[in-house]
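Scroll down for the structure; my scribbles are underneath it.
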2 protein chains.
Amino acid sequence: MTIVKGDSRAWQQVLAHVETQLLGGDVRPGDRLPSERALAEQLGVSRSSVREAIRVLEAFGLVRTATGSGPNAGAIVIATPGTAMSTLMRLQVSATGFPVADIVRTRLVIEAGVVGDLCTSHGTSDQLTEANALLDAMDSDTLSAAEFLALDAAFHLALAEASGNTVIAAMLAGLRAGIEAYASEGASRIADWPRTRDRLRAEHRGILTAVHARDAAAAHSRIHDHISGYYAEIVPPTRNEGPN
Amino acid sequence: MTIVKGDSRAWQQVLAHVETQLLGGDVRPGDRLPSERALAEQLGVSRSSVREAIRVLEAFGLVRTATGSGPNAGAIVIATPGTAMSTLMRLQVSATGFPVADIVRTRLVIEAGVVGDLCTSHGTSDQLTEANALLDAMDSDTLSAAEFLALDAAFHLALAEASGNTVIAAMLAGLRAGIEAYASEGASRIADWPRTRDRLRAEHRGILTAVHARDAAAAHSRIHDHISGYYAEIVPPTRNEGPN
DNA sequence: CGTGGTAGCGTGGTCCGACCACAAACGCGA
DNA sequence: TCGCGTTTGTGGTCGGACCACGCTACCACG
């Protein structure tokens, strides 16, 4: 079944053509797409339409483009869903298509699943070295709040990547990107930041400890309290002073 | 004339401009973007570059475009993440960026979270009417396998939507789209389809029953067995005849 | 005065041709 | 043989042109 939807627009024809070749295995990651001019001639559309389709493919993390000549130039098929997912989430949050609360709830679900997988999988010790290194880096007292939060995000992402599930890792990266602005802004409202920071450190260690101990129940409750606790702390205070 | 920061490409400048206006609340869903020609003049880029940016926004489900004149024409900001997520997943699976196994594992995690939320939330009875109606529709014996699977997908999506989490609903729609071809093709390999169909029906009823009974543990195990059981059944048999 | 049809206008959609910057491959000359 | 300029091909951008569409407003006719 081809993807023949309402391909009324020329650029959709190009997109469908590339997707068909992708599905059929005619082109695979690492391969180069035909040049824009050649693709335009093959499909009987203008180069502008081809470019619009390639732009979509690029935004979805399916191809990367490079100027010049040689094997590294042109549109090369890749498969990097992380940035695309992050962009999608960030833009949707910007347009209020995704409420922050829903993203946090989704994080709860996904990260609970991550630690559950980690507890039941085997040989996770070496896969968690990255997470451990990040926790050590977060022990530095010279970190700003923003730097700490960046390491925090990297830690959670490292957990997801340690589970070996690329889809979950990409989704978590997207979720994080969607609420990054919210989390950063909320941190600035925390009165006693050093206290919160120390609590987060301890909670991180506790999560990893539970994972190493294969204690799924403890890991689940700890990651849940960790995430929900932070967002409960940075939720804007109910102020009666100005509904305008 | 405009000083370029990291957005070396013109269309990225347009994208950044629109995103900034989105974040600042200057434009919100329902509003119209300036016309392509006006936007090009404002930002000092060509209309082609503006169009490429709008194409990305459209692919991400942030705007919809319409020809003609009047209030319904032009690029109108919307927020429909479902189709964008589905397209992203489908394309990534096509490019083998997302293994099917990872998508199934992610479904397990997310749908387990969905039923968990449904068990703890209040007043879910009316929100589950859609799911119940789908189950009734699936009781028809005149359905083809493809039709049954379509209703199956709709049922799972209805569960996610009943949880009220737009992010999870969009993600589940995307996950389903990514493995739709795989699930359909696998169904054709099932020897005793009526038997599998009846089993799926019973499992669906069992899931809903557990949700209504607020039995989170039962709902969790039943949705897990339901999903993993189906994909275990359609896993391709090891065959040596593979064409290179 | 009311009504219906039509011309106008602005929109996105598409195509074309041109030029630029870039990078690799080529080829000529030292 | 080596080095460096030239050629070639790529994406990136721009401007212009035309089309189909759909609303708007106007004008002619009843």
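The chains referred to below are lettered A, B, ... by the order of the sequence lines, with proteins before strands, and numbering in each begins at 1.
Between B:Tyr230 and B:Ala183, the closest heavy-atom pair is OH-O, 3.3 Å.
Side chain of B:Asp117 to main chain of B:Val114: no donor-acceptor pair is present (N/O by atom type, distance under 3.5 Å, no hydrogens or angles).
Under the 4.0 Å criterion applied to side-chain N and carboxylate O atoms, A:Arg105 and A:Asp102 are assigned as salt-bridge partners. Under the 4.0 Å criterion applied to side-chain N and carboxylate O atoms, A:Arg90 and A:Glu180 are not assigned as salt-bridge partners.
Looking at A:Thr96 and B:Arg28, their side chains never come closer than 4.5 Å, going by heavy atoms from C-beta outward. B:Arg176 has its side chain out of reach of B:His156: every pair of non-hydrogen atoms, C-beta onward, lies at least 4.5 Å apart. When side chains are defined from C-beta on, A:Val93 does not count as touching A:Tyr182, because their heavy atoms never get closer than 4.5 Å.
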Exercise for review: Take nucleotides 11-24 of chain D nucleotide by nucleotide from the 5' end and write B, S or -, depending on whether a protein heavy atom sits under 4.0 Å from the base, only from the sugar-phosphate, or from neither.
Suggested key: BBBBB-BB--BBS-
Side-chain donor-acceptor distances from residues 32-40 of chain B under 3.5 Å, at least two apart:
residue, atom, partner, partner atom, Å
B:Arg32, NE, B:Ala73, O, 3.3
B:Arg32, NH1, B:Gly70, O, 3.2
B:Ser35, OG, B:Ala38, N, 3.1
B:Glu36, OE1, B:Arg47, NH1, 2.6
B:Glu36, OE1, B:Arg51, NH1, 3.2
B:Glu36, OE2, B:Arg51, NH1, 2.9

For nucleotides 4-6 of chain C, print each protein N/O atom paired with a nucleotide N/O atom at under 3.5 Å, atom names and distance only.
none

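Here the C1' atom of nucleotide C:dG13 and the CG atom of B:Leu39 are 17 Å apart, to the nearest Å.
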